[in-house]
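Order of the sequence lines fixes the chain letters, A, B, ..., with proteins taken first and strands second; residue numbering starts at 1 for each chain.
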There are 2 protein chains.
Amino acid sequence: MQSRTSAPRATGGRPRSATADAAILAATRAALVELGWSKLTLGDVATRAGVAKTTLYRRWAGKNELVVDAVAELFDELEIPDRGSLAADVEGVVLQFAAILARPEAKSGLMAVIAESVRDDALRARIRTSIVDRQKRLVLEGRARAQVRGELPPETDPEESARTTDLIFDVIAGTVVHRALVSAEPVDPDWARAFAKLLLNGLTASATA
Amino acid sequence: MQSRTSAPRATGGRPRSATADAAILAATRAALVELGWSKLTLGDVATRAGVAKTTLYRRWAGKNELVVDAVAELFDELEIPDRGSLAADVEGVVLQFAAILARPEAKSGLMAVIAESVRDDALRARIRTSIVDRQKRLVLEGRARAQVRGELPPETDPEESARTTDLIFDVIAGTVVHRALVSAEPVDPDWARAFAKLLLNGLTASATA
DNA sequence: AGGCTTTCGCTACGAGCCGTAGCGTAACCG
DNA sequence: CGGTTACGCTACGGCTCGTAGCGAAAGCCT
């Protein structure tokens with residue numbers, strides 16, 4: 001996870017407690033659930049985790065970095081099971097993604113750190129590497145499967161392919177986040193099916209519903 | 001705009017200064033540009049606006065409500081010019097929306113208040129009425145025009161139509177926000193064209209590029 | 001064993017911001 | 001010209017921040 005502050009990690013000496021790391025991240029998520037981002041304080045997290053506040057500051061630079069690491073762990077469980085068709089695969093991953101976003105610790109934390117990342121390049125890089133980019137594999141897998149099935153044409157230009165991957169990722173992730181957190185409406189199977197149909201067939205074919 | 005704290009507005013007495021309202025909102029945007037959300041303090045905004053801190057608290061309940069109103073004004077300039085085709089209309093509104101999001105005061109403020117709205121139903125309602133819902137008219141206009149042109153089939157079920165409108169709105173707004181703020185990549189005409197094509201024709205026709 | 005290095009828990013501290021109360025003054029209405 | 005409300009200003013307790021300084025603990029090496 002490489003969660004800590006980049007440590008010189010000199011040889012010898014007392015090693016950092018690994019259990020403390022886990023306790024702190026768990027305490028952070030618990031605090032996010034109970035208090036939300038704005039009322040979460042590092043002193044409170046330290047108390048919940050049973051460590052001293054100074055220990056927390058020795059490992060993380062601040063609230064932002066801590067919450068990124070605490071939230072990132074939530075997204076590691078994402079998988080894209082083979083459901084037999086591209087449409088079904090899209091629906092599946094949308095529902096999985098939405099299930100994570102429905103958890104209060106994800107809701108409270110994710111948007112807040114993204115908002116903070118607007119003014120903090122290092123933080124945005126951290127978010128990208130530990131959360132966003134890690135999920136792009138799902139798009140790549142899904143496309144590859146669909147091409148094997150013959151649902152999508154094989155790719156020619158690798159650069160064009162990368163651009164398309166980024167576009168698809170922005171569409172799926174952005175749409176689901178907007179539905180769940182801004183519109184605040186449920187991402188249920190019906191909605192996922194309608195979205196997958198739109199994504200595959202486009203607006204002009206929407207009458208073929 | 002109905003920005004203020006819902007005031008009983010009793011008759012008689014000294015009326016609230018209208019210029020102060022504008023000065024405060026402008027000062028809030030300036031502070032967002034210079035400091036960003038997290039370092040913005042109400043005392044600083046009051047000083048910038050040339051009003052007392054207490055005046056600010058008499059009109060807004062807190063930082064969240066103030067920033068929502070300050071940011072909401074930015075989105076009122078959105079229009080959807082008739083460019084002759086649905087694809088061109090989509091590209092146009094995407095670029096307009098992105099231009100607003102590119103402004104630092106919008107970047108810093110919008111995501112932060114959305115994050116806060118996760119734990120504050122009243123705030124989310126305020127965001128919806130003063131920002132989100134107000135822009136759905138663009139989707140309705142664009143669809144109506146496309147139907148007149150014959151690019152989209154006329155609608156039958158009004159309930160189904162409303163669901164589709166919401167879906168399209170989530171897709172466009174969510175995707176653009178994700179591209180601009182999370183991926184942090186430029187929303188330029190090339191990208192807008194690719195996105196519009198995907199939205200209209202769907203993934204399966206992407207080879208027809 | 002002994003020594004070295006690093007982490008840990010604890011306490012304390014100045015600094016900054018919050019949100020409110022209290023007061024006298026200014027602006028508008030009938 | 002009274003009545004009513006908004007305004008500017010000051011001051012305050014309370015909270016969180018992030019850091020410093022200490023003694024103790026935990027592991028690695030010879």
Side-chain angles (χ1 to χ4, degrees), chain A residues 3-28 31-32 34-67 108 112-113 116 119-120 122-123, chain B residues 2-25 27-28 31-32 34-67 108 112-113 116 119-120 122-123:
Chain A
S3 54
R4 337 172 145 69
T5 290
S6 57
R9 235 49 204 92
T11 168
R14 174 177 178 175
R16 285 186 172 173
S17 164
T19 59
D21 250 58
I24 291 173
L25 291 177
T28 302
L32 277 176
E34 289 184 27
L35 307 173
W37 162 269
S38 56
K39 294 187 178 177
L40 179 150
T41 71
L42 294 195
D44 180 59
V45 170
T47 304
R48 288 170 188 261
V51 300
K53 189 172 61 163
T54 46
T55 299
L56 215 155
Y57 275 103
R58 288 191 190 102
R59 305 193 183 195
W60 282 277
K63 193 168 161 178
N64 292 335
E65 291 76 9
L66 174 61
V67 172
S108 305
V113 293
E116 289 297 308
R119 308 209 107 243
D120 185 339
L123 182 62
Chain B
Q2 199 60 16
S3 55
R4 336 173 146 70
T5 290
S6 57
R9 239 42 207 97
T11 168
R14 176 177 176 175
R16 285 187 173 171
S17 164
T19 60
D21 251 57
I24 291 173
L25 291 177
T28 302
L32 277 176
E34 288 184 27
L35 307 173
W37 163 268
S38 56
K39 294 187 178 178
L40 178 149
T41 70
L42 294 195
D44 180 59
V45 170
T47 304
R48 288 170 188 262
V51 301
K53 190 171 60 162
T54 46
T55 298
L56 217 156
Y57 276 102
R58 288 188 189 105
R59 304 192 184 196
W60 283 277
K63 194 168 159 177
N64 293 335
E65 290 76 9
L66 175 62
V67 172
S108 304
V113 293
E116 289 297 308
R119 310 209 106 244
D120 186 339
L123 183 63

Practice problem: Report yes or no: does B:K39 contribute a side-chain atom to a donor-acceptor pair with the main-chain N or O of B:E34 at less than 3.5 Å? | Solution: no

Quiz item: Any donor-acceptor pair under 3.5 Å joining the side chain of B:R58 to the base of D:dG8?
Solution: yes

Self-check item: Interatomic distance where OH belongs to B:Y57 and P belongs to C:dT20 [whole Å]
Solution: 7 Å

Quiz item: Over its full length, what angle do the end axes of the helix from C:dA1-D:dT30 to C:dG30-D:dC1 make, each axis taken from five pairs and the result rounded to 10 degrees?
Solution: 30°

Exercise. Among D:dC7, C:dC18, D:dC17, find the nucleotide with the atom closest to the side chain of B:K53.
Key: C:dC18

Quiz item: Taking atom C1' of C:dC18 as reference, at what distance in whole Å does atom CG of B:L40 sit?
Solution: 13 Å

Quiz item: Quick one: on DNA chain D, does B:T55 or A:K39 contact a more 5' nucleotide (nearest heavy atom)?
Solution: B:T55

Self-check item: N/O donor-acceptor pair, side chain B:T54 with base D:dC9, under 3.5 angstrom
Solution: yes

Quiz item: For the side chain of B:R59, counting heavy atoms from C-beta on, which of D:dA6, C:dG19, D:dG27 is nearest?
Solution: D:dA6

Quiz item: On a plain distance test, is the side chain of B:R14 in donor-acceptor contact with the base of C:dA26 below 3.5 Å?
Solution: yes

Quiz item: Side chains of A:R16 and A:D21: does their closest heavy-atom pair fall under 4.5 Å?
Solution: no

Quiz item: Where the side chain of B:T41 is concerned, which of D:dA6, C:dC17, C:dC8 is the nearest nucleotide?
Solution: C:dC17

Self-check item: Integer-rounded Å distance: D:dC9 P and B:L56 CG
Solution: 14 Å

